[in-house]
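Below is one structure, written out as structure tokens; the observations come after it.
In this text the structure is predicted, and so the values were computed from the model without any measurement.
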Amino acid sequence: MADRYFVEQAVEGQQARLLGAEAHHLAHVMRAKPGAEVTLFDGSGDEFLARVERVGRSEIELCVLARHAIDREPSIALTLGVAMPKGDRRRWLVEKTVELGVARLVPLETARGNEREGAPARLRQAVIEASKQCGRNRLMEIAASMPLADFLASAPAGSLRLFAHANERLARHPLGQIVSAQANPPVVFLAVGPEGGFTQDELDLALARGWQAVGLGPRVLRVETAALALVAAVLTHFERA
Ligand code: SAM
């Protein structure tokens, strides 16, 4: 995929401006000169062919030549609630969920993992970088962290709601059987627990709220592995349908 640049302000009309890291990359890494053509996206779902007009010290002005509606989103809107891992694994999880096509990521506050992050602004840059690389024209939303009970309640009744839980019984009733029994749902909510796992009370609450517990096989996966395996299995299933 050709080099793509993210524009913070919605592109309307013929002018666009790159600022900050995006301007730095185009000016100082790519050494773009006036007349060079690049691809821009602004998170609206469209992408733009644009020509560099002026290269300033910290900003680049461009002329928008064409707007293209290029949809690289999955056919289902997928929200992933996950007790976030720490450090590099957290950033890695964000990057990969963008690539796979998750619409919204909700950091969960659970009994065995107390995620109480403020505004997850620093992860937004990881979303932008991954979107540039994979060609997504919509930014994955990273919501403010949420108690598990609120997250479970926030999923609409008609949606497919899957609660990943590692235990012997579920390992024998894996995900494939559950999703195969579903019509193509427009909305999917998934929940993945912390390193210590969900508690029995949390599982009971999910089941009482209409969620289905799913197993991902007999091995215990780390949080980010479980999250990506679940997202990939669900998306692959319904993208084929
Ligand atoms: N000892 C913990 C337990 O028994 O739940 C392991 C937790 S695991 C490291 C972290 C999360 O990943 C779990 O809460 C669950 O949501 C998900 N997970 C990991 N392996 C899984 C599996 N085989 N089946 C379903 N979910 C799994």
For the residue pair [X] and [Y], establish whether any side-chain heavy-atom pair is separated by less than 4.5 Å.
{"X": "V52", "Y": "K33", "answer": "no"}
{"X": "L105", "Y": "M84", "answer": "yes"}
{"X": "V187", "Y": "I76", "answer": "no"}
{"X": "E59", "Y": "R54", "answer": "yes"}
{"X": "L139", "Y": "R124", "answer": "yes"}
{"X": "E202", "Y": "L108", "answer": "no"}
{"X": "D71", "Y": "R138", "answer": "no"}

Quick check: does any side chain N or O of [X] sit under 3.5 Å from a backbone N or O of [Y], one acting as donor and the other as acceptor?
{"X": "R209", "Y": "L152", "result": "no"}
{"X": "R91", "Y": "L123", "result": "no"}
{"X": "E22", "Y": "L19", "result": "no"}
{"X": "R72", "Y": "C134", "result": "no"}
{"X": "R89", "Y": "R222", "result": "no"}

Criterion side chain to side chain contact (heavy atoms under 4.5 Å, CB included) on V94 and M140, from CA distance to verdict:
CA-CA 9 Å; V94 167; M140 180 179 80; 4.1 Å; yes
How long is the straight-line distance from [atom2] of [Y] back to [atom1] of [X], given to the nearest 0.5 Å?
{"X": "Q15", "Y": "E53", "atom1": "CD", "atom2": "CD", "answer": "8.5 Å"}
{"X": "K132", "Y": "L40", "atom1": "NZ", "atom2": "CG", "answer": "10.5 Å"}
{"X": "T110", "Y": "F151", "atom1": "OG1", "atom2": "CZ", "answer": "12.5 Å"}
{"X": "T236", "Y": "L100", "atom1": "OG1", "atom2": "CG", "answer": "8.0 Å"}
{"X": "Q212", "Y": "R161", "atom1": "CD", "atom2": "CZ", "answer": "8.5 Å"}
{"X": "E224", "Y": "E95", "atom1": "CD", "atom2": "CD", "answer": "12.5 Å"}

Using side chain to side chain contact (heavy atoms under 4.5 Å, CB included) as the criterion, point out the one residue from L78, V102, V127 that pairs with T97.
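The single option meeting the side chain to side chain contact (heavy atoms under 4.5 Å, CB included) with T97 is V102.
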Grab the two heavy atoms, one from [X] and one from [Y], that are nearest each other, plus how far apart they are.
{"X": "A164", "Y": "L230", "answer": "CB-CD2, 4.0 Å"}
{"X": "A144", "Y": "V106", "answer": "O-CG1, 4.1 Å"}
{"X": "A111", "Y": "T199", "answer": "CB-CG2, 3.7 Å"}
{"X": "A227", "Y": "L80", "answer": "CB-CD2, 4.1 Å"}
{"X": "L207", "Y": "A213", "answer": "CD2-N, 3.9 Å"}
{"X": "A32", "Y": "A36", "answer": "CB-CB, 4.4 Å"}

Residue pair [X] / [Y], side-chain donor-acceptor N/O under 3.5 Å:
{"X": "T39", "Y": "E47", "answer": "no"}
{"X": "S44", "Y": "D42", "answer": "yes"}
{"X": "Q125", "Y": "E129", "answer": "yes"}

CD of E73: more than 12 outside heavy atoms within 6.0 angstrom?
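Yes.
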Check the surroundings of atom CD in E37: do more than 12 heavy atoms from other residues, nucleotides or ligands lie under 6.0 Å from it?
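Enclosed: over 12 neighbouring heavy atoms sit under 6.0 Å from CD of E37.
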Transitive ILVMFWY side-chain link [X] to [Y], under 4.5 Å:
{"X": "L205", "Y": "L203", "answer": "yes"}
{"X": "L216", "Y": "L160", "answer": "yes"}
{"X": "V7", "Y": "L49", "answer": "no"}
{"X": "L62", "Y": "L65", "answer": "no"}
{"X": "I128", "Y": "L93", "answer": "yes"}

Please, which pairs that meet ring-ring contact (aromatic ring centres under 6.0 Å, His included) have at least one residue in residues 65-93, sequence neighbours excluded?
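Matches after skipping sequence neighbours: none remain.
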Which pairs with one or both residues in residues 19-51 pass ring-ring contact (aromatic ring centres under 6.0 Å, His included), sequence neighbours excluded?
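Non-adjacent pairs meeting ring-ring contact (aromatic ring centres under 6.0 Å, His included): Y5-H25, F6-F41, H24-H28.
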Could you go through E109 and D150, starting from their C-alpha distance and side-chain angles, then the distance that decides it, and tell me whether this counts as side chain to side chain contact (heavy atoms under 4.5 Å, CB included)?
CA-CA 10 Å; E109 298 164 16; D150 293 353; over 6 Å; no
Between W211 and F189, how do the two ring planes meet: parallel, tilted or perpendicular, split at 30° and 60°?
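Perpendicular: the ring planes of W211 and F189 meet at over 60°.
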